[in-house]
Amino acid sequence: MKVRKAVIPAAGRGTRFLPATKAIPKEMLPIVDRPTIQYVVEEAVNSGVKTIVLITSRGKSGIEDHFDLAPELESLLQKKGDQKTWQEVHALAGMCEMISVRQQEQKGLGHAVLCARQAVGNEPFAVLLGDDIMDADPPVTAQMIRAFEEFGGSIIGVLNVPREQVHLYGAIKGKEVKPRVHRIERIIEKPSAEEAPSTIASTGRYLFTPRIFDFLEDQAPGRGGEIQLTDAIDRLAKIEPVYALEYQGLRFDAGEKIGYLRANLHYALKRPDLSAGVKELIREFSKKI
Ligand code: UTP
């Protein structure tokens, strides 16, 4: 069955970015001149996704507005004759169908994904975390869809991370079935460096068969008292094949400050209108350190 839907959980509180995120969703903080979540939505759409199920919470309606028409702004841009900006702004509303679901209490990522159950229905679906940006060609979600078509089971996007960072992720125990593809035996949320079964870590991209919802439905709270997606994946892997794909591409964790700054530098350097200025800035700051 084709993967047509993607869930983007974006209901978290973004406490690591306070006070910036007191009134603005962290997913709306700009990477250069586009909100973080726009990169994520574009990845899904460029991977063939037709419907996005956005999981939001109170105070985050700015995300929905960003992907809606803005008639006053658009007519202003047209009056000014700024066709290029108009096109960019206008296109945001027509990228895909967007369904928005409120997660009323922030009970954890697993619970956020469960909130999409009705909107997703009985079909495979992708999950892209709203603050994880991937720069890859083909897009990481497209790589995962390809692996899903080949292996037929749920897929977790993974990277091999330094052991001293593994405590920040879900780490897998698995068997390599093909270069860069592992069949998962276990996945453990935020293990210590000593207890981590490997340094292969889950990094914000997933592709699930709808069976995951059955496990999320009765998943007990885990680490931090939150309903953890990782715990439900661990149970799913015991009854049907779940794979980890070491995807090709660069990942930016825009949900924490250094990752956010790194993403800004990376995308600014790629921009023909900005790269010379950014290189100049880097030279200036390199002299100070
Ligand atoms: P994070 O832990 O990175 O997001 O969750 P957070 O809770 O907003 O961050 P901090 O720690 O307070 O700064 C990973 C993803 O899961 C979503 C977040 O929006 C983010 O995209 N999430 C998390 C939910 O949608 N609901 C939740 O209950 C928890």
Side-chain angles (χ1 to χ4, degrees), residues 6-29 31 35-44 52-64 66-67 98-120 125-134 140-141 156-159 161 165-171 187 189-190 201-208 212-213 216-217 219-233 251-263:
V7 176
I8 302 187
R13 291 182 203 280
T15 54
R16 281 170 291 171
F17 266 102
L18 282 169
T21 48
K22 185 180 174 198
I24 296 170
K26 78 169 161 183
E27 295 80 6
M28 289 302 289
L29 297 177
I31 307 291
T36 304
I37 197 156
Q38 187 177 327
Y39 294 81
V40 179
V41 169
E42 282 171 353
E43 176 189 326
I52 284 179
V53 184
L54 186 69
I55 310 299
T56 64
S57 54
R58 284 181 296 285
K60 289 199 148 186
S61 52
I63 303 178
E64 283 128 304
H66 185 71
F67 295 100
M98 196 168 273
I99 300 170
S100 159
V101 178
R102 287 274 183 130
Q103 184 191 24
Q104 294 184 330
E105 286 175 81
Q106 279 57 69
K107 294 184 189 171
L109 176 59
H111 180 257
V113 173
L114 179 61
C115 291
R117 184 169 203 169
Q118 237 190 329
V120 168
F125 64 102
V127 174
L128 296 84
L129 298 195
D131 54 2
D132 256 329
I133 302 180
M134 312 285 181
V140 172
T141 297
I156 317 295
V158 294
L159 286 178
V161 301
Q165 286 175 20
V166 77
H167 68 280
L168 300 169
Y169 302 89
I187 178 162
E189 180 65 13
K190 299 193 169 73
S202 147
T203 53
R205 294 293 182 272
Y206 311 84
L207 208 154
F208 291 118
I212 189 73
F213 289 127
L216 287 170
E217 198 81 64
Q219 185 60 53
R223 235 191 134 81
E226 295 194 349
I227 297 175
Q228 297 288 355
L229 182 58
T230 304
D231 295 343
I233 298 170
R251 166 188 181 251
F252 301 91
D253 180 0
E256 59 89 21
K257 285 164 209 159
I258 296 294
Y260 176 77
L261 293 170
R262 184 170 160 259

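Remember, it's 1-based here, ligands and their atoms both numbered in the order they're listed. Residue indices begin at 1 and follow the sequence shown.
By the 3.5 Å distance cut-off applied to N or O atoms, Pro9 is counted among the residues near ligand 1. Taking any N or O of Gly12, backbone or side chain, at least one lies under 3.5 Å from an N or O belonging to ligand 1. Checking only distances, Phe17 never comes within under 3.5 Å of ligand 1, N or O to N or O. Below 3.5 Å of separation, one finds no N or O of Ala112 facing any N or O of ligand 1. Between Glu105 and ligand 1, no N or O atom pair is found at a separation short of 3.5 Å. Taking distance alone, with nitrogen or oxygen atoms compared against 3.5 Å, Glu226 stays at or beyond that limit from ligand 1.
Looking at Lys26 and Asp131, a side-chain N of the basic residue comes within less than 4.0 Å of a carboxylate O on the acidic one, giving a salt bridge.
Only the side chain of Glu27 comes within 4.0 Å of ligand 1, counting heavy atoms alone; its backbone N, CA, C and O stay farther away. Residue-level proximity to ligand 1 for Lys26 is carried by the side chain, the only part with a heavy atom below 4.0 angstrom. Neither the backbone nor the side chain of Ile55 comes within contact range of ligand 1; no heavy atom lies under 4.0 Å. Contacts with ligand 1 closer than 4.0 Å are made by no heavy atom of Glu256, backbone or side chain.
Using a 4.5 Å heavy-atom cutoff, the side chains of Leu207 and Phe125 are not in contact. Residues Ile63 and Leu54 meet the side-chain proximity criterion, which asks for heavy atoms closer than 4.5 Å.
Those atoms of ligand 1 that come under 4.0 Å of a heavy atom in Gly130, given as number and element, are 21 (O). Of all the atoms in ligand 1, the ones that sit under 4.0 Å from a non-hydrogen atom of Gln106 are 28 (O). Heavy-atom contacts of Asp131 reach the following atoms of ligand 1: 3 (O), 20 (C), 21 (O) (cutoff under 4.0 Å).
For Glu256, there are no side chain to side chain donor-acceptor pair (under 3.5 Å) partners at least two apart in sequence or on another chain.
Proximity of a side-chain donor or acceptor of Lys60 to a complementary backbone N or O of Gly12 within less than 3.5 Å is detected. Remark: the backbone N or O of Glu189 is not paired with any side-chain donor or acceptor of Thr230 at under 3.5 angstrom. Under a 3.5 Å cut-off, the side chain of Arg251 and the backbone N or O of Gly204 do not form any donor-acceptor pair. In this structure a side-chain-to-backbone donor-acceptor pair under 3.5 Å is missing from Glu226 to Arg223.
With respect to atom 2 (O) of ligand 1, the closest heavy atom belonging to the protein is Arg16 NH2, 3.9 Å. Counting protein heavy atoms only, atom 16 (O) of ligand 1 is closest to Leu109 CD1, 3.5 Å. Protein heavy atom in closest approach to atom 26 (N) of ligand 1: Gln103 OE1, 2.7 Å. In terms of protein heavy-atom proximity, atom 8 (O) of ligand 1 is nearest to Gly14 N, 2.8 Å. Nearest to atom 28 (O) of ligand 1 among the protein's heavy atoms is Gly108 N, 2.8 Å. Ala11 N, 2.9 Å is the protein heavy atom nearest to atom 25 (O) of ligand 1.
Heavy-atom proximity to atom 12 (O) of ligand 1, evaluated over Thr15, Ile227, Leu54, is greatest for Thr15. Considering Val7, Leu129, Ile8 only, the shortest heavy-atom separation from atom 14 (C) of ligand 1 involves Leu129.
In this structure, Gly255 has no heavy atom closer than 4.0 Å to ligand 1. Residue His111 places no heavy atom under 4.0 Å from ligand 1.
Remark: Phe208 CZ to Leu216 CG distance equals 7.5 Å, nearest 0.5 Å.
Residues Glu27 and Ala10 come closest through the heavy atom pair OE2-CA, 3.5 Å. Taking both residues in full, the closest heavy atoms of Ala254 and Thr36 are given as CB-CG2, 3.8 Å, listed atom of the first, atom of the second, then distance.
Thr141 and Glu43 share a donor-acceptor pair across their side chains, judged by distance under 3.5 Å alone. A donor-acceptor contact under 3.5 angstrom links the side chains of Glu64 and Ser100, judged on distance only.
By the definition of a contact as any protein heavy atom under 4.0 Å away, atom 5 (O) of ligand 1 is not in contact.
Two rings, from Tyr260 and Phe17, have their centers less than 6.0 Å apart.
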